[in-house]
Amino acid sequence: MAPLHFLLPILSLGSTAFARHDAFQAKCTSFVDTINLPNVHVNFASYIPGGTNLSLADNPPSCNTASQSVSADICRIAMAVKTSNSSEITLEAWFPREYTGRFLSTGNGGLSGCIQYYDLAYTSGLGFATVGANNGHNGTSGEPFYQHPEVLEDFAYRSIHTGVLIGKKLTKQFYEEGFDKSYYLGCSTGGRQGFKSIQKYPNDFDGVVAGAPAFNFINLLSWSAHFYPITGSPTSDSYLSPAMWKVAHEEILRQCDGIDGARDGIIEDPSLCNPVVETIICKPGMPSTTCLSGAQAKTVREVLSPLYGVNGTLLYPRMQPGSELLAAPIMYNGQPFAYSQDWFRYVVYNDPNWDGTQFNVHDTAVSLKQNPYNIQTWDADLSSFQNAGGKVLTYHGLQDQLISSENSKLYYARVAEAMDMPPAQLDDFYRFFQISGMGHCGGGDGAYGIGNGLETYSGKSPESNVLMAMVQWVEKGIAPETVRGAKFANSAGSSVQYSRQHCRYPRRNVFKGPGNYTDEAAWQCV
Ligand SMILES: *[C@@H]1O[C@H](CO)[C@@H](O)[C@H](O)[C@H]1NC(C)=O
Ligand SMILES: *[C@@H]1O[C@H](CO)[C@@H](O)[C@H](O)[C@H]1NC(C)=O
Ligand SMILES: *[C@@H]1O[C@H](CO)[C@@H](O)[C@H](O)[C@H]1NC(C)=O
Ligand SMILES: *[C@@H]1O[C@H](CO)[C@@H](O)[C@H](O)[C@H]1NC(C)=O
Ligand SMILES: *[C@@H]1O[C@H](CO)[C@@H](O)[C@H](O)[C@H]1NC(C)=O
């Protein structure tokens with residue numbers, strides 16, 4: 001038997017931990033009874049100890065998340081909030097025990113319909129009192145919009161804003177000290193939601209991190225719809241298999257990879273890349289696995305061209321070159337793009353049988369004219385947000401296969417023009433970073449580990465983490481000059497092969513040497 005004095009410290013440690021844990025837990029479970037907000041119905045509140053693999057049995061199957069690892073001790077509060085007589089959002093607040101005095105809202109993706117539990121876990125783990133909502137409907141389909149304008153209104157702007165209003169009240173109620181600063185983190189549709197807040201509710205956030213924004217939303221959905229008519233079905237002459245896209249990708253890299261000074265498989269500035277695709281048309285006798293037919297070369301040229309409307313106006317810029325391998329299985333797969341087809345079926349035409357294979361340029365005009373609830377999210381005058389002292393950090397992967405990074409540059413130009421400001425002035429409150437080698441919100445061939453989520457996390461120093469960079473900007477006035485990304489050996493969290501500092505737009509990265517492209521000091525923003 002161990003002597004008593006060996007056991008004592010263990011016992012007292014245990015009981016201290018238990019007492020602290022228990023106080024937070026008790027506060028969590030009794031908190032429910034103190035919530036009395038109009039339109040808010042609390043489903044449950046539960047204490048989740050850090051290290052839990054949380055089962056999400058109620059999460060809609062199409063959201064494809066049946067569990068979530070939770071790293072920090074949190075109080076989880078699940079609610080239903082009425083947003084109109086015929087709509088409601090499902091809202092969760094995750095309040096961490098180790099709280100940093102910061103409030104944060106997460107966003108959504110695609111046309112969903114899915115609480116992003118991985119983001120709730122990420123930011124509550126970093127000490128933010130976090131909220132996340134289901135965007136007014138459940139699951140990834142656009143069908144709930146059908147003849148339900150209130151549900152669409154939640155999706156366009158109201159779900160996030162409602163979650164913020166309620167989340168801030170609950171945060172003040174839960175923590176005696178309230179909160180100091182308010183943040184937003186989202187990508188894709190989440191990026192659009194961030195810009196919607198900036199444009200429509202400029203006081204909702206002190207700092208917004210908005211990635212790969214799905215703004216210019218109506219035209220984005222027309223753009224994603226227009227790939228099918230270009231590629232045709234898999235039996236069509238104009239279609240390229242993923243293997244053929246690899247041939248095209250390699251030719252594009254051959255022409256463009258070296259423009260930035262380094263042949264590393266990564267294009268640092270796709271704007272400088274204007275590939276001549278005819279070079280890969282087969283010569284007589286060449287094996288057809290190594291070259292394209294004329295019809296296929298035309299497909300490559302057309303997907304790398306902008307989308308113009310019926311009268312020749314630019315609706316959406318081109319897909320950036322370099323994303324071919326990621327885009328092939330989802331955008332160029334010989335099927336209508338599901339989100340676009342849903343949008344035309346359930347919003348534009350109110351016709352569940354509308355067939356995405358029939359899409360043509362006239363559909364773009366019908367759709368843009370509607371712009372329900374200004375879901376376009378394309379307003380360019382950000383002076384209210386600027387005057388409120390807000391900061392926005394936006395980033396876009398340069399291998400984004402779903403939303404072209406060229407559209408983020410177009411928005412940047414529109415803001416500069418509308419506000420009469422050159423980049424040096426926009427930098428005071430609006431900074432845009434191009435992330436080479438990053439796909440849609442993550443993944444890709446390059447240094448995409450920038451900490452915009454759990455899948456891209458590589459430490460929490462502000463230099464390597466876009467969210468913590470925003471915190472430092474808002475709270476200390478130190479604005480990010482570059483964003484460091486990690487190139488992971490395998491998936492996120494695996495060893496880091498190299499780092500690269502991504503430049504603030506309109507600068508671009510150039511390899512100056514000496515040394516290897518893996519050396520971040522050998523690169524310069526010019
Ligand atoms: C959590 O639980 C689910 C289902 O029980 C399992 O599939 C998953 O691998 C678990 N995750 C972790 C990180 O243990
Ligand atoms: C969404 O699913 C939740 C269960 O997770 C349910 O309580 C809620 O009513 C559903 N919302 C809608 C709009 O169907
Ligand atoms: C709900 O319906 C009632 C009665 O039709 C109406 O007066 C009220 O304004 C509606 N509330 C909302 C939030 O739409
Ligand atoms: C051209 O089309 C765009 C998009 O449909 C529309 O906004 C614009 O007003 C049109 N311009 C003219 C001159 O008709
Ligand atoms: C640079 O580093 C990569 C990865 O370690 C290596 O494959 C490549 O050969 C190096 N290039 C030069 C020029 O040293």
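Position 1 is the first residue of the sequence; numbering continues from there. Counting convention: from 1, in listed order, for ligands and their atoms alike.
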E153-S84 side chain donor-acceptor pair, cut-off 3.5 Å: no

Any donor-acceptor N or O pair under 3.5 Å, side chains Q68, N59: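 There is no such pair (donor and acceptor under 3.5 Å, judged by atom type) between the side chains of Q68 and N59.
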
Within the 4.0 Å heavy-atom sphere of ligand 2, strictly under, residues: D58, E88, T90, N138

Non-neighbouring partners of T189 that pass side-chain hydrogen bond (donor to acceptor under 3.5 Å, both in side chains), sequence neighbours left out: none

Evaluate the ring planes of [X] and [Y], with Trp represented by its six-membered ring, and classify them as parallel (under 30°), tilted (30 to 60°) or perpendicular (over 60°).
X    : Y    : answer
H137 : F155 : tilted
F215 : F195 : tilted
F24  : F174 : perpendicular
Y122 : Y457 : perpendicular

Ligand 5 to N516 polar contact by distance, N or O atoms, under 3.5 Å: yes

Ring centres under 6.0 angstrom apart (F217, W343): yes

Heavy atom of Y517, distance to ligand 5 below 4.0 Å: yes

Ligand-residue contact atoms, ligand 1 with S69, heavy atoms, under 4.0 Å: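 Heavy-atom distances to S69 below 4.0 Å select 13 (C).
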
N53 N/O to ligand 1 N/O under 3.5 Å: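 It does: an N or O of N53 is found under 3.5 Å from an N or O of ligand 1.
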
